[in-house]
Amino acid sequence: MANGADHRASFPCDNEKAPGNKPEKVPKNSFLKAKHKRGVLFSSYASAQDLRNLDLENEKEHPSSPRGVLESCKRGLDSDPASPKNSATKSVTRCTNSTALTHWSKIFKLWKGKSIKRLASFPPLGVPKLPKWKSRSTRENPELSNIYKFKSSLVNFSLSHLETATNNFRDENVIGRGGYAKVYKGRLKDGQLIAVKRLTKGTTDERTAGFLSELGIIAHVDHPNTAKLIGVGVEGGLHLVFQLSQLGSLGSVLHGLDNNKLDWSRRYKIALGIADGLLYLHESCHRRIIHRDIKSDNILLTEDFEPQICDFGLAKWLPDQWSHHSVSKFEGTFGYFAPEYFMHGIVDEKTDVYSFGILLLELISGRRALDHLQQSVVIWAKPLLNDNNIKQLVDPSLANNYDPDEMDRVVLTASLCIEQSPILRPRMSQVVILLRGDDYVRELEKECQRQTYQRTYSEELLDALEYNSTKFLCDINQRN
Ligand SMILES: Nc1ncnc2c1ncn2[C@@H]1O[C@H](COP(=O)(O)OP(=O)(O)OP(=O)(O)O)[C@@H](O)[C@H]1O
């Protein structure tokens, strides 16, 4: 059952009173000290760009910070003696930190070779082709008839159908309770298990708006790592009907009594799956979708621990030409808010990336985003991340039973995702690369080579065609 409702927030933006503006204690670590100094002394007159640059500079200087590690790799690559830029100076800057750095240097090589935009255009693994939508109408409620045009396979459930499936919405069938809805387990006549989300909170208008908004997004989404909508029911209330995810939410498994089910390989698989799902929403779907409420209670788990992102109640389409969206009302869950969202109401892909970073910290440490004393996992983890103190970060229930390379990658990715400044956070296409590591990078490199080869071949073909048509005529003219 979801307990995220305790921390749910929905209130108007008030920059003056935002708790995020409270001065922090001066941390011992010099890397954090620099950040702190910047926040207190300079924030009144520095431009946003200055602050970003300063952030970058401070972190570059600190070799043990995740960005410091990446920067040192990058400098190593920049100082490649074969590079014409460096041949004169023969800089000796090198990645010093063993195999981990070799790994990151490969990633950087790839980043240097491709623009970020190009990397973003790599197809995520396992993303199916987009479905073809067909139209279908409803007699029930003409206002909602357009909904059925999204997906040919969407079923319009009658109330009696849903009542039969859920034992008349009996309390024993409740498997989730969110801020807006109750979710009931059910079984259809053909035996299929379903989860019926019945919107319960707010006025009729609010419920209709919430229902249409969630449906407007979820009906267009189709990926192995997003929740599967089967149909809707608009009789006797508003219902969204999903395939049942047998294990419930990640939050309930990770923070419940059964957390020993989640060994490291499962946690790693879950991290990769959520990253794939988010990459799809941000970069591969018809339109940019910002989820806005990524948290462990909104990740469902199938029987084989495949994660599925659910609850698109707050999700937003973002037009391509918009850099971000500004909201005047905060909605979401405490503990997962990105600083720029909390302080300025700014919403874009990077706000989801921040929340994903918190989720990674939950997977690594087994701690909640906010514990019973309302202590944030970020505040707890930051000093350990800066000291690269993996032993203290890792969930004690895992002991030493984890793959150290995978753990390193997840820890580094988490620390980049929770950067204060959104510009320092990776995009989801980069997150997927960071999490998957060497093998994935090698696959991408092969893909790049294949594309280059194809381009060269087609360019040659184009040249040949051009010769045939234009140059040949030109040659003939010259000869005549
Ligand atoms: N398809 C499903 N299979 C299994 N459990 C589900 C399914 N959908 C939802 N749940 C359970 O119901 C809970 C609440 O669902 P959901 O997050 O969609 O509701 P909500 O009211 O929008 O919640 P929130 O307060 O997070 O906005 C989930 O955390 C999960 O435990």
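Atoms within a ligand are numbered from 1 in the order they appear, just like the ligands themselves.
For an aromatic pair to be called close, the ring centres must be under 6.0 Å apart, and His239 with Phe157 fails this.
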Next item on the list: Using the salt bridge (charged side-chain N to carboxylate O under 4.0 Å, His left out) rule, take Glu362 and Arg367 through it: C-alpha gap first, then chi angles, then the decisive distance, then the call.
Entry: CA-CA 5 Å; Glu362 281 184 83; Arg367 289 174 173 245; over 6 Å; no
- [ ] Carefully, step by step, assess Arg425 and Glu340 under the rule salt bridge (charged side-chain N to carboxylate O under 4.0 Å, His left out).
- [x] CA-CA 12 Å; Arg425 291 176 216 143; Glu340 71 278 9; 2.8 Å; yes
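The residue Gln246 has no part lying near ligand 1, judged by heavy-atom distances below 4.0 Å. Counting heavy atoms under 4.0 Å from ligand 1, residue Lys185 does not touch it at all. If you look at Tyr180 next to ligand 1, the close heavy atoms, those under 4.0 Å, come from the backbone and the side chain alike. Contacts with ligand 1 closer than 4.0 Å are made by no heavy atom of Leu314, backbone or side chain.
Here's the thing with Ala181: one of its N/O atoms is less than 3.5 angstrom from an N/O atom of ligand 1. For a threshold of 3.5 Å applied to N or O pairs, the pair formed by Asp297 and ligand 1 contains at least one separation below that value. In terms of polar-atom proximity, defined here as any N/O pair under 3.5 Å, Gly179 does make such a contact with ligand 1. Taking only nitrogen or oxygen atoms, main chain and side chain alike, Asn298 reaches within less than 3.5 Å of ligand 1.
For Arg187, the CZ atom is loosely surrounded, since the number of other residues' heavy atoms within 6.0 Å does not exceed 12. In Glu303, the CD atom is not crowded: 12 or fewer heavy atoms of neighbouring residues, nucleotides or ligands sit closer than 6.0 Å.
A cation-pi geometry, defined here as NZ or CZ lying under 6.0 Å from the six-membered ring centre and within 45° of its normal, does not hold between Arg170 and Tyr184.
Residues Thr200 and Arg207 fail the side-chain proximity criterion, which asks for heavy atoms closer than 4.5 Å.
Each of the following atoms of ligand 1 lies closer than 4.0 Å to a heavy atom of Phe242: 1 (N). Atoms of ligand 1 found under 4.0 Å from any heavy atom of Ala195 (numbered from 1 in listed order, with element): 1 (N), 2 (C), 3 (N), 7 (C).
Taking 4.0 Å as the cut-off between side-chain N and carboxylate O, Glu283 and Arg427 count as a salt-bridged pair.
Residue contacts with ligand 1 include Lys295, since one or more of its heavy atoms lies under 4.0 Å from the ligand.
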